[in-house]
Amino acid sequence: MPELPEVETVRRSLEPSILGQFVRHVILDTPSVWRGADPDTVTGLRITFSKRRGKYLLFFLEPAGTEGLAYWLVVHLRMTGRLTLQGSPDPVRLHTHVRIELGGKTPQPVWLIFQDTRRFGHFSLVPAQSADQLPDVLPCLGPEPLDAAFDAKVLGRQLFGHGRLNLKAALLNQAIVAGIGNIYADEILFASRLAPDRLAGSLDEAEIGRLAEAIRDVLLRAVEQCGTTLKDYVDGWNRKGSFQHCLMVYGRAGQPCRRCDMTIQKKKLAGRSTHWCPACQPYLPA
DNA sequence: AAACTAACCTGGGGGC
DNA sequence: TGCCCCCAGGTTAGTT
């Protein structure tokens, strides 16, 4: 489920309630979702910083005094993971895997709850050098598309060497650009008027420019709308996103294109269902 | 290098 | 109502 806009929305919704809080207690209901250092290691540490990198959420945990190690708590929600806040550890809803009690800043404790139906999501707890140095448990990730530095030149450089990869696969490749998943890949390609099966190496300069612009534009608009809720996704306070109302192609196979009325097509590409408008996104450049 | 499959999991929907 | 198959927002590993 969660792609960059959803993960960013979760991060922003959690931040005010968890920054500056101390970890009081970690209840690990499903041990297999936890990797790295023992959960008890973080008891007494304070959350001082949160960050998103691609689809990863990172929390920086610092010791209260000068003694002890700092840690990164790295979370990936995969398809159905949810990170929400509640006032108590109960009720324990179905598919709850981790419950973390936070306190110290607020009079009442706050509980950070991790639920994940499919159990693909996971936590990694790793020692940290500094908040500037991201942990090496993160895989190789491409540039952040919402960073100011991201532009056509950066995208062109990232695509170089992947000339024979189709655009759908290229956008889904986290090492080329971080944070794009199946929904936004299709929406981005529609916005840039490029066919999903065009090869990355076949783009001219103008097309790379359109693609870079569409990546930023679609993701920014989706963040403004607090993400896309199709089924499971909610933010830290159980609120749904609203970008599902803005989708132009994803999930619209057989329906008329919102721009030209042509029927939206669907086929499997890069192993994922891919939606596009054959008129707005002709295979051959217009 | 890239395409393809299966794997990790659970649940929902469609067809019969 | 129930069963079977396919599908799902992600990623990795193994194979051709």
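Convention: sequence-line order gives letters A, B, ...; per-chain numbering from 1. Given the structure is predicted, the values throughout are model-derived calculations rather than measurements.
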**OP:** Write down the distance between NZ (A:Lys231) and C1' (B:dG13), rounded to a whole number of angstrom.
**Re:** 10 Å
**OP:** Starting from the C-alpha separation in whole Å, work towards a yes-or-no answer on salt bridge (charged side-chain N to carboxylate O under 4.0 Å, His left out) for A:Lys55 and A:Glu3.
**Re:** CA-CA 6 Å; A:Lys55 299 171 192 170; A:Glu3 307 180 30; 5.6 Å; no
Subject >> Ring-on-base stacking C:dG10 with A:Phe120 (under 5.5 Å, under 30°) >> reply: yes
**OP:** Would you indicate, yes or no, if B:dA1 has its OP1 or OP2 atom less than 4.0 angstrom from a side-chain nitrogen or oxygen of A:His162?
**Re:** no
Original post:
On DNA chain C, nearest-nucleotide positions of A:Leu172 versus A:Arg118: which is more 5'?
Top reply: A:Arg118
Subject >> Given B:dG11, C:dA8, C:dG10, the nucleotide with the shortest approach to the side chain of A:Arg272 >> reply: C:dG10
Subject >> Proximal nucleotide (of C:dG10, B:dG11, B:dC9) relative to the A:Arg119 side chain >> reply: B:dC9
Original post:
P atom, B:dC4 versus C:dC7: distance in rounded Å?
Top reply: 15 Å
Original post:
Between B:dG11 and A:His95, is there an OP1 or OP2 to side-chain N/O distance shorter than 4.0 Å?
Top reply: yes
Original post:
Atom CG of A:Asn182 to atom C1' of C:dC7: distance rounded to whole Å?
Top reply: 12 Å
Original post:
Once you round it to whole Å, what is the distance between P of B:dC8 and CG of A:Asp116?
Top reply: 16 Å
Original post:
Rounded to the Å, how far apart are A:Leu141 CG and C:dT11 C1'?
Top reply: 12 Å
Subject >> Remaining members of hydrophobic cluster (4.5 Å side-chain criterion), A:Leu269 >> reply: none
Subject >> salt_bridge(A:Arg198, A:Glu207) N-O dist < 4.0 Å >> reply: yes
Original post:
Looking for any heavy atom pair under 4.0 Å, which part of the strands does A:Leu165 touch: base, sugar-phosphate only, or nothing?
Top reply: sugar-phosphate
Subject >> For A:Asp40, all residues meeting side-chain contact (heavy atoms from CB on, under 4.5 Å), sequence neighbours excluded >> reply: A:Asp38
Original post:
A:Leu199 has an atom CG; how far is it from atom P of B:dA1, in whole Å?
Top reply: 16 Å
Original post:
For A:Asp90, does the CG atom sit with more than 12 other heavy atoms under 6.0 Å from it, leaving out its own atoms?
Top reply: yes
Subject >> A:Trp72 six-ring face occupied by A:Lys51 cation (under 6.0 Å, within 45°) >> reply: no
Subject >> Length of the line joining A:Asn166:CG and B:dA1:P, which is rounded to integer Å >> reply: 16 Å
**OP:** Between C:dT11, B:dT10, C:dG9, spot the one nearest the side chain of A:Asp232, thanks.
**Re:** C:dG9
Original post:
Using atom P of each nucleotide, how far apart are C:dC5 and B:dA6 to the nearest Å?
Top reply: 15 Å
**OP:** Compare the minimum distances between each of C:dG10, B:dA2, B:dG11 and the side chain of A:Arg164, then state the nucleotide with the smallest one.
**Re:** B:dA2
Subject >> Candidates C:dG10, B:dA3, C:dA8 - which lies nearest the side chain of A:Ser273 >> reply: C:dA8
**OP:** For B:dA2 versus C:dG9, give the span between their P atoms, rounded off to a whole number of Å.
**Re:** 23 Å
**OP:** In whole angstrom, give the distance that lies between atom CZ of A:Arg78 and atom P of B:dT10.
**Re:** 15 Å
Subject >> Nucleotide C:dT11, atom P - distance to CE of A:Met79 in whole Å >> reply: 10 Å
Original post:
What distance, rounded to whole Å, do you find between the two P atoms, one in C:dT11 and one in B:dG11?
Top reply: 22 Å
Original post:
Is it true that A:Phe123 and A:Phe114 have ring centroids separated by less than 6.0 Å?
Top reply: yes
**OP:** Take A:Lys168 and A:Asp186 through the salt bridge (charged side-chain N to carboxylate O under 4.0 Å, His left out) test and state the conclusion after the steps.
**Re:** CA-CA 7 Å; A:Lys168 178 65 182 268; A:Asp186 286 2; 2.7 Å; yes
**OP:** Establish, with yes or no, whether the OP1 or OP2 oxygen of C:dG10 is under 4.0 angstrom from a side-chain nitrogen or oxygen of A:Lys55.
**Re:** yes
What donor-acceptor contacts under 3.5 angstrom involve side-chain atoms of residues 14-26 of chain A, with partners at least two apart or in another chain?
residue: A:Glu15; atom: OE1; partner: A:Arg11; partner atom: NH1; Å: 3.4
residue: A:Glu15; atom: OE2; partner: A:Arg11; partner atom: NH1; Å: 3.1
residue: A:Glu15; atom: OE2; partner: A:Ser50; partner atom: OG; Å: 2.9
residue: A:Gln21; atom: OE1; partner: A:Lys105; partner atom: N; Å: 3.0
residue: A:Gln21; atom: NE2; partner: A:Ser17; partner atom: O; Å: 3.1
residue: A:Gln21; atom: NE2; partner: A:Thr106; partner atom: OG1; Å: 3.1

Subject >> Heavy-atom donor-acceptor pair, A:Asp197 side chain to A:Asn166 backbone, under 3.5 Å >> reply: no
Original post:
Which is true for A:Gly271 with a 4.0 Å heavy-atom rule: it touches a base, it touches only sugar-phosphate, or it touches nothing?
Top reply: nothing
Original post:
Quick one: side-chain contact (heavy atoms from CB on, under 4.5 Å) partners of A:Thr229, sequence neighbours excluded?
Top reply: A:Tyr233, A:Lys240, A:Gln244
Original post:
Which dot-bracket string fits DNA chain B when only Watson-Crick or G-U wobble pairs with both atom distances under 3.5 Å count, crossing pairs get [ ], and | stands for a partner on a different strand?
Top reply: .|||||||.|||||||
Original post:
Counting just side-chain N and O atoms, does A:Gln174 come under 4.0 Å of either OP1 or OP2 of C:dT11?
Top reply: yes
Original post:
Listed in order of residue number, which residues of residues 248-258 of chain A have a non-hydrogen atom at under 4.0 Å from DNA chain C?
Top reply: A:Tyr250
